[in-house]
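Below is one structure, written out as structure tokens; comments come after it.
Chain naming here is simple, since letters A, B, ... match the order of the sequence lines and numbering starts at 1 in each. Quantities reported herein were computed from a predicted structural model and do not represent experimental measurements. No hydrogens, no waters, no symmetry mates; every other heavy atom, side chains included, goes into these values.
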Protein chains: 2
Amino acid sequence: MPTLTAAARRERERDSYNAYLAECPSHNLLAQISSKWVTLLLAALSAGPLRYSDLSRAIPSVSQKMLTQSLRTMERDGLVVRTVTAAVPVRVDYELTALGGSLVGLMTQVKDWAESHMDNVYEARREYDSRAAAEPVATLNKRG
Amino acid sequence: MPTLTAAARRERERDSYNAYLAECPSHNLLAQISSKWVTLLLAALSAGPLRYSDLSRAIPSVSQKMLTQSLRTMERDGLVVRTVTAAVPVRVDYELTALGGSLVGLMTQVKDWAESHMDNVYEARREYDSRAAAEPVATLNKRG
DNA sequence: GGTGCCTTCTTTCCGTTGGAGAGTAGCCGC
DNA sequence: GCGGCTACTCTCCAACGGAAAGAAGGCACC
């Protein structure tokens with residue numbers, strides 16, 4: 001287990017990819033993980049493997065289509081493993097991989113950020129909206 | 001500056017919001033920050049304020065429409081401040097707020113994750129695609 | 001003094017994505 | 001053999017995203 005080597009390699013790899021550029025594959029990868037469904041699915045799977053129906057219940061807001069689609073993409077990208085058990089009705093379990101595990105902490109923090117800073121955002125929106133209503137049309141108000 | 005109080009309040013707030021539910025406002029907030037443009041814009045602004053044209057150059061992949069639209073949403077949500085200077089051609093600067101600053105570290109890590117784990121994802125995709133090509137049609141293969 | 005250029009958007013067109021809800025497949029119990 | 005269960009899959013339509021042209025406001029050039 002070359003821990004230092006792996007870290008050094010990751011650093012070198014980060015230098016060779018640039019998510020700012022559309023033609024860089026890391027841009028596309030960033031777009032895929034920057035999805036609310038990926039964030040919520042990773043957070044839900046952080047506690048351990050779950051079945052399709054478990055995930056559906058854990059995340060009531062996701063449609064079956066998006067649930068399947070997101071899980072497929074995540075499986076292809078190596079974030080989750082899909083295990084089919086040919087039981088009475090077929091049973092499918094989803095579990096984080098090591099790669100998924102390296103991302104789950106980050107995405108859980110993103111979800112937590114959204115939940116814990118909701119009130120700050122509310123206040124900012126209220127302020128913005130009242131400011132926008134006060135200014136008639138002109139956008140050229142310097143507010144320093 | 002009630003640091004402890006603010007942290008305790010954030011924790012309480014996180015408990016009262018649940019991003020898993022579509023009707024919860026934090027779900028919508030998560031959807032907004034889970035955008036590649038928000039991630040890239042925060043990362044670009046982490047080093048300091050930038051003008052509209054600077055951002056456009058820093059992130060060549062973003063269209064003007066999405067740049068403006070994303071910045072407006074981020075401004076409304078209190079992540080950035082927009083400062084208009086009535087100069088020769090009008091000059092607009094964007095800068096992180098304290099709230100934006102509390103998110104920027106996280107989102108920079110997400111961007112870095114995408115860049116540093118690109119090769120792992122590539123390998124996973126190659127493996128997935130070859131497996132998919134090998135399996136004729138049946139999805140019911142238990143691979144464990 | 002009109003043409004052109006600069007920045008920062010705004011609008012339009014249209015292809016892609018996402019959500020709601022119904023349909024499908026395989027199997028078992030009744 | 002009919003309904004019910006799980007895990008999808010399909011269809012329809014609305015919303016989002018990208019490309020490119022337009023717009024406002026002002027100076028500079030000739």
Side-chain angles (χ1 to χ4, degrees), chain A residues 20-23 27-28 30-41 49-76 80-95 132 135-142, chain B residues 20-23 27-28 30-41 49-76 80-94 132 135 137-142:
Chain A
Y20 288 131
L21 308 173
E23 59 273 22
H27 178 92
N28 178 52
L30 177 63
Q32 299 206 166
I33 63 177
S34 292
S35 143
K36 59 178 173 181
W37 301 130
V38 171
T39 305
L40 293 174
L41 283 168
L50 287 176
R51 301 179 53 177
Y52 182 89
S53 52
D54 292 334
L55 287 167
S56 192
R57 241 168 286 121
I59 312 174
S61 48
V62 72
S63 67
Q64 290 189 318
K65 174 182 165 181
M66 284 316 292
L67 180 53
T68 302
Q69 194 173 300
S70 303
L71 286 167
R72 279 297 133 75
T73 306
M74 290 165 74
E75 189 198 359
R76 193 171 103 98
V80 299
V81 193
R82 178 172 176 272
T83 312
V84 179
T85 311
V88 195
V90 74
R91 174 200 174 102
V92 183
D93 286 272
Y94 292 92
E95 188 178 0
E135 291 171 15
V137 179
T139 344
L140 266 98
N141 296 9
K142 78 184 75 164
Chain B
Y20 287 133
L21 308 172
E23 60 272 23
H27 178 91
N28 177 52
L30 177 63
Q32 300 206 167
I33 64 178
S34 292
S35 144
K36 60 177 171 180
W37 300 130
V38 171
T39 305
L40 293 174
L41 283 168
L50 288 176
R51 299 180 53 177
Y52 182 89
S53 51
D54 292 334
L55 287 167
S56 192
R57 241 170 286 122
I59 312 174
S61 48
V62 72
S63 67
Q64 290 188 319
K65 174 181 165 181
M66 284 315 292
L67 180 54
T68 303
Q69 194 173 298
S70 304
L71 286 168
R72 279 297 132 75
T73 306
M74 290 166 73
E75 189 198 359
R76 193 171 103 98
V80 299
V81 193
R82 178 170 175 274
T83 312
V84 179
T85 311
V88 194
V90 74
R91 173 201 175 101
V92 183
D93 285 272
Y94 292 92
E135 292 171 14
V137 179
T139 345
L140 266 96
N141 294 9
K142 77 187 76 167

Legend entry - Stretch residues 57-71 of chain B: residues that reach within less than 4.0 Å of DNA chain D through a heavy atom: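 Of all residues in residues 57-71 of chain B, the ones placing a heavy atom under 4.0 Å from DNA chain D are B:Gln64, B:Lys65, B:Met66, B:Gln69.
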
Without decimals, in angstroms, what is the distance between [X] [atom1] and [N] [atom2]?
| X | N | atom1 | atom2 | result |
| --- | --- | --- | --- | --- |
| A:Glu75 | D:dA7 | CD | P | 15 Å |
| B:Met74 | C:dC9 | CE | P | 14 Å |
| B:Asn28 | D:dC16 | CG | P | 10 Å |
| A:Tyr94 | D:dT6 | OH | C1' | 11 Å |
| B:Arg91 | C:dC9 | CZ | P | 13 Å |
| A:Arg72 | C:dG18 | CZ | P | 16 Å |
| A:Tyr52 | D:dC5 | OH | P | 16 Å |
| A:Lys36 | D:dC16 | NZ | P | 10 Å |

[X] vs [N]: side-chain N/O to OP1/OP2 distance below 4.0 Å:
| X | N | answer |
| --- | --- | --- |
| A:Arg82 | D:dA7 | no |
| A:Trp37 | C:dT17 | no |
| A:Arg51 | D:dT6 | no |

Inset, instruction - Taking the side chain as every heavy atom from C-beta outward, state whether A:Trp37 and A:Ser61 have any atom pair closer than 4.5 Å. - result: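 The answer is yes; the side chains approach within 4.5 Å.
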
Could you state the interatomic distance from [atom1] ([X]) to [atom2] ([Y]), rounded to the nearest 0.5 Å?
| X | Y | atom1 | atom2 | answer |
| --- | --- | --- | --- | --- |
| B:Leu71 | B:Met66 | CG | CE | 10.0 Å |
| B:Leu67 | B:Arg72 | CG | CZ | 10.0 Å |
| B:His27 | B:Gln32 | NE2 | CD | 11.0 Å |
| B:Ser35 | A:Lys36 | OG | NZ | 12.0 Å |
| B:Leu50 | B:Ile59 | CG | CD1 | 8.5 Å |

Legend entry - Closest approach of A:Tyr20 to B:Pro60 (non-hydrogen atoms, all atoms of both residues):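 In this case the closest contact between A:Tyr20 and B:Pro60 is O-CD, 3.5 Å.
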
Inset, instruction - For the side chain of A:Pro89, starting at C-beta, report the closest nucleotide among C:dC6, D:dG18, D:dC5. - result: D:dC5

